[in-house]
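Worksheet: one structure, shown below.
Residues take their numbers from the sequence shown, with the count starting at 1. Fair warning: this is a prediction, and the values are worked out from it, not measured in the lab. Each ligand, and each atom within it, is numbered from 1 in the order the structure gives.
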Amino acid sequence: MSLKFAVLISGGGTNLQALIDAVEDGIIPAKIAVVISDREGAFGIERAKRHGIASYVVTRNTFGNASERDEKLLEILKSHDVDFVMLAGYLSILTKNVVKNYEKRIINIHPALIPKYSGKGFYGDVIHEAVLKNKDRQTGVTLHFVDSGVDSGPIIIQERIPVFEVDTLDSLKARIHTTEHRLIVETAKNFCEGGLQ
Ligand code: GRF
C-alpha cells in the first residue's frame, strides 16, 4: 500500500502544486491525503480542492492558542492516517506534541542556506530582502527534518542559488521557487523510497 502524506501551507501553494503534479504524474509514489492551512484565504486550499484533495483551515485564532490549534491538527493528521508531513511554506511553528508524534517524518522547506537566515522571524520576503540588502552573492534552498527547534532539524539537502546584481525581490524569488519545486519533489520521492535516514 502506498504512503499517505499531508501538506501544510500558509499561502499561494506553488510548492504544494509541484507536489500534487508529481503525485499525479507518478513521480512521487504516495498519495496526498490532506492539505491544511493555518491562514484563511490561502490559495493553496483552492489548489487542493481543484484536485479533489481533502483540505482544512486550522488557524490559531479559531482555537485560541498554538497548543489547541495543534491538537486539532494532530486529530486531522491521525484521522487521515498520514505517514509523513511536508511543510510547504507553512509559517506557524509546530508545537512539540505534533513534532513528537511524527519524529523524522516532518520535512520543511526553507528558502535560504540554513543556518544563514534561519530561526524565528526569518521567513518569506524577510529572508530575500536581507539577502539583497546584504549584497550576498548566493542564497539557496534547504530541506530538513523538523525537530522541536525552529529551522534546526537535520538537513536533508541544500542547493546554492546565485544572486545577481540586477536581481529584484521578484526575480530572486522566482529563481528560488524554481529550485524549490524541483527539490521538494525530489525529497518527498526519496523519503517514500526509503532513501532518507
Ligand atoms: C517558499 O519559498 C517556502 O520556502 C517559504 O514560503 C514560500 C512558499 O511558497 N517558506 P508557496 O506558497 O509554495 O508558493
note = E159 meets the side-chain hydrogen bond (donor to acceptor under 3.5 Å, both in side chains) criterion, sequence neighbours left out, with R182

request  = Go through the structure and list residues passing side-chain hydrogen bond (donor to acceptor under 3.5 Å, both in side chains) with T95, not counting sequence neighbours.
outcome  = D70

Show every donor-acceptor pair shorter than 3.5 Å between a side-chain atom in residues 149-157 and any protein atom, with sequence neighbours excluded, or say none if there are none.
unit_1: D151; atom_1: OD2; unit_2: G119; atom_2: N; d: 2.8
unit_1: S152; atom_1: OG; unit_2: D147; atom_2: OD1; d: 2.6
unit_1: S152; atom_1: OG; unit_2: D147; atom_2: OD2; d: 3.4

inquiry  = So, taking the atom named CZ in R69 and the one named OG1 in T59, what distance separates them when rounded to the nearest 0.5 Å?
reply    = 9.0 Å

key: Ring centroid separation Y123 to H128 under 6.0 Å   = no

ask   = Any idea how F84 and F5 line up, ring-wise: parallel (<30°), tilted (30 to 60°), or perpendicular (>60°)?
value = parallel

Pairwise, report which nitrogen or oxygen atoms of ligand 1 are under 3.5 angstrom from protein nitrogen or oxygen atoms, and how far apart they are.
unit_1: ligand 1; atom_1: 2 (O); unit_2: E180; atom_2: OE1; d: 2.8
unit_1: ligand 1; atom_1: 2 (O); unit_2: E180; atom_2: OE2; d: 3.1
unit_1: ligand 1; atom_1: 4 (O); unit_2: E180; atom_2: OE2; d: 2.3
unit_1: ligand 1; atom_1: 9 (O); unit_2: H177; atom_2: NE2; d: 3.1
unit_1: ligand 1; atom_1: 12 (O); unit_2: G13; atom_2: N; d: 2.8
unit_1: ligand 1; atom_1: 13 (O); unit_2: T14; atom_2: N; d: 3.2
unit_1: ligand 1; atom_1: 13 (O); unit_2: N15; atom_2: N; d: 2.8
unit_1: ligand 1; atom_1: 13 (O); unit_2: N15; atom_2: ND2; d: 2.9
unit_1: ligand 1; atom_1: 14 (O); unit_2: T14; atom_2: N; d: 2.9
unit_1: ligand 1; atom_1: 14 (O); unit_2: T14; atom_2: OG1; d: 2.5
unit_1: ligand 1; atom_1: 14 (O); unit_2: H177; atom_2: NE2; d: 3.2

